[in-house]
Every structure is written in C-alpha cells, then in structure tokens.
Amino acid sequence: MISQMNIRPGDGRSLLRGVMVGDGHRAAGTSLRAAQDEAGVPPGIWKGRGLAAVGLKAGDVVTEWQVELLLGEGRHPDADRIERELLAQGNSPVQARRAIVLGRPIEYNRSPETDKAKEHIP
C-alpha cells in the first residue's frame with residue numbers, strides 16, 4: 001500500500017526509524033534496506049513532477065543517506081556528489097555549499113548530528 005503524509009523539515013529521523021520500515025521497529029545498527037527486507041517493505045522510490053529540477057529520476061530508489069540529507073539537514077539528496085563536482089570545477093567551498101542547501105537551513109532540529117551538519121552550511 002502506498003500512503004502519503006505531510007513532511008516538515010527535520011522529520012527525516014522519524015521516517016527512517018519507523019515509517020520507511022513499515023511502521024515497525026528498526027534495531028540500532030540495522031541498515032534501512034535490511035530493515036525493509038525484514039519487514040517485507042519495498043524500498044521507497046523517487047516520484048513527482050519536480051524531480052528533474054533537482055537532478056533526480058522517477059523510479060530511482062531513495063537511499064537512507066538521501067533521506068537524511070533532504071529531510072534531516074535540508075540539503076539536496078545528492079549533496080555530496082554535487083559539492084565534489086562543483087569543487088572540482090573550481091568553485092569555492094562556500095559556493096559549493098550554498099548550491100546544495102534547499103531553502104533555509106533547519107534551525108529548530110537541534111541535536112549533535114544537526115549541529116555537526118550545520119558546520120557544512122555557510
């Protein structure tokens with residue numbers, strides 16, 4: 001069954017812990033894909049009209065890291081690749097980091113992980 005829900009910035013961790021594994025419990029240290037297999041839940045796929053605008057393709061599998069980047073940190077799902085490419089093209093680190101932030105940085109989702117992620121945002 002496919003369902004939809006409203007997602008707010010910072011919701012990535014709760015999605016990774018439960019929703020993306022069929023509302024089950026995901027043991028610490030278990031990869032998303034392994035938890036999905038165990039729960040009998042197919043992997044999520046990208047879909048929607050705006051995918052081409054951010055360089056994604058409909059039907060591609062959504063990775064755990066992409067969810068963390070997008071919903072946990074407010075960055076492009078392929079931020080690491082884009083940042084590497086921009087730096088290789090001679091862009092400054094500040095320019096490269098600005099290119100991967102989608103909207104305003106997530107400020108109210110305070111945790112050691114998000115504080116560390118903010119070190120990457122100019």
Side-chain angles (χ1 to χ4, degrees):
M1 177 200 303
I2 298 174
S3 61
Q4 293 182 340
M5 62 185 281
N6 290 329
I7 300 172
R8 293 181 317 275
D11 282 349
R13 283 185 179 78
S14 66
L15 285 170
L16 287 170
R17 279 194 306 266
V19 175
M20 293 180 74
V21 291
D23 293 329
H25 176 72
R26 178 176 165 201
T30 304
S31 73
L32 175 62
R33 191 66 209 122
Q36 288 172 326
D37 286 342
E38 184 178 317
V41 176
I45 59 169
W46 290 106
K47 55 190 300 188
R49 293 183 304 233
L51 293 175
V54 292
L56 298 171
K57 291 185 272 188
D60 283 353
V61 173
V62 179
T63 68
E64 183 170 6
W65 185 240
Q66 287 175 323
V67 172
E68 178 64 33
L69 287 170
L70 181 63
L71 301 177
E73 299 179 16
R75 297 193 300 152
H76 189 287
D78 289 329
D80 295 338
R81 176 189 54 79
I82 293 168
E83 187 173 20
R84 275 192 313 273
E85 289 173 0
L86 291 171
L87 291 170
Q89 294 169 7
N91 288 282
S92 74
V94 170
Q95 291 170 322
R97 289 189 183 111
R98 282 189 181 140
I100 60 173
V101 174
L102 302 176
R104 294 185 320 195
I106 298 169
E107 295 297 332
Y108 60 85
N109 183 20
R110 296 287 313 234
S111 72
E113 292 84 5
T114 57
D115 287 344
K116 183 174 179 165
K118 288 175 191 171
E119 295 171 8
H120 299 289
I121 299 172

Gap between atom [atom2] of [Y] and atom [atom1] of [X] - 0.5 Å precision:
X	Y	atom1	atom2	answer
W46	T63	CH2	OG1	8.0 Å
E85	L87	CD	CG	10.5 Å
N91	R97	CG	CZ	12.0 Å
L69	E64	CG	CD	11.0 Å
D80	I100	CG	CD1	7.0 Å

Query raised in the report: Okay, side chain of H76, backbone of A99: is any donor-acceptor separation there less than 3.5 Å?
Result: no
Query raised in the report: Should L51 and V62 be counted in the same cluster of Ile, Leu, Val, Met, Phe, Trp and Tyr side chains packed under 4.5 Å apart?
Result: yes
Query raised in the report: Can you hop from V67 to V61 via hydrophobic side chains spaced under 4.5 Å?
Result: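 Each belongs to a different hydrophobic cluster.
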Query - Minimum-distance pair of heavy atoms, taken over all atoms of Q66 and L56 - result: NE2-CD2, 4.2 Å
